[in-house]
Asks: 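My structure is below; once you've seen it, I'll send some questions.
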Amino acid sequence: MSSAKYFSVKKLYNSDEIKEINKAVGNVSQRGTDIPAVGVTKTSTVKRFALGDIPLLQKFATVSEEINQHKFGFNIYPLQFSDGLNHNTYKADKNSEYFWHMDGTFSDSVSDIKITCLLNLSENPYEGGEFCLLSVAPDIKEQFSKAGTAIFFPAFFIHRVTPVTKGERISLTLWRSGPRFQ
């Protein structure tokens, strides 16, 4: 397993593809509900859907496989078309944020979430809404503020999204699971 804390891919999608993804999300059926971390403030609007609903996201899924293989080395399950994703919209008029949390389940008797995969799908500039990854001190990932950028990190790392103060921040979350950590 690598000691990489996170890995990012700039311009995984261009602005036309981002618009196409966001439009497709608007046209798919809601599948399930968001389950935010227990006891943590999350004020974004979330639409949950299946990976297979939007074929354009296959590139994001494939890159998550490659990043794991070359950077993290976790034992993860292959993705299924039915795997769920969250389309998160953080708005300034709601001061939307997601406070410090981690995504690993650690309560499932069979599997754990191993990697969190984020994709910035914002179509317009926004202020605030910084993605922060806690290591020794809060570490703001400026590159994730660029539309089309993806970031991948171990799901048990503590992270947050600061309040959006102007505009709208849109992101997509995909989780990669595997057999329980031992």
Asks: Apply the side-chain contact (heavy atoms from CB on, under 4.5 Å) test between Lys71 and each candidate in Phe153, Phe152, Phe7; give the one that qualifies.
Replies: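 Per the side-chain contact (heavy atoms from CB on, under 4.5 Å) rule, the option paired with Lys71 is Phe7, out of Phe153, Phe152, Phe7.
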Asks: Below 6.0 angstrom between ring centroids: does that apply to Phe144 and Tyr6?
Replies: no
Asks: Can you find a heavy atom in the side chain of Arg180 that is under 4.5 Å from one in the side chain of Asp112?
Replies: yes
Asks: Output yes when a side-chain donor or acceptor of Ser171 lies under 3.5 Å from a complementary backbone atom of Asn120, and no otherwise.
Replies: no
Asks: Could you tell me if the side chain of Glu20 sits less than 4.5 Å from the side chain of Leu56, heavy atoms only?
Replies: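 Answer yes - side chains close enough.
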Asks: Are side-chain heavy atoms of Ile115 and Ser64 found at a separation under 4.5 Å?
Replies: no
Asks: Which class fits the ring pair Phe181 and Phe74: parallel under 30°, tilted 30 to 60°, perpendicular over 60°?
Replies: perpendicular
Asks: How close do Asn95 and Val164 get, counting heavy atoms only, and between which atoms?
Replies: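 Where Asn95 meets Val164 most closely, the heavy atoms are OD1-O, 3.4 Å.
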Asks: Partners of Tyr13 by ring-ring contact (aromatic ring centres under 6.0 Å, His included), sequence neighbours excluded?
Replies: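 Tyr13 satisfies ring-ring contact (aromatic ring centres under 6.0 Å, His included) with no residue once adjacent residues are dropped.
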Asks: Looking at every non-hydrogen atom in both residues, tell me the closest pair between Thr165 and Gly128 and how far apart they are.
Replies: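 So the minimum-distance heavy-atom pair works out to OG1-N, 3.7 Å.
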Asks: Is Arg160 reaching over with its side chain to a backbone N or O of Phe131, donor-acceptor style, under 3.5 angstrom?
Replies: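 No.
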Asks: Which salt bridge (charged side-chain N to carboxylate O under 4.0 Å, His left out) pairs, counting each pair once, include a residue from residues 6-19, with sequence neighbours left out?
Replies: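 Non-adjacent pairs meeting salt bridge (charged side-chain N to carboxylate O under 4.0 Å, His left out): Glu17-Lys59.
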Asks: Report the C-alpha distance between Phe49 and Leu85 in whole Å, list the side-chain angles of each, state the deciding distance to 0.1 Å, and finish with yes or no for side chain to side chain contact (heavy atoms under 4.5 Å, CB included).
Replies: CA-CA 6 Å; Phe49 64 96; Leu85 292 92; 4.0 Å; yes
Asks: Taking side-chain contact (heavy atoms from CB on, under 4.5 Å) as the test, write out the residues that go with Glu168, two or more places apart.
Replies: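 For Glu168, the residues satisfying side-chain contact (heavy atoms from CB on, under 4.5 Å) (neighbours in sequence not counted) are Thr89, Lys91, Ile170.
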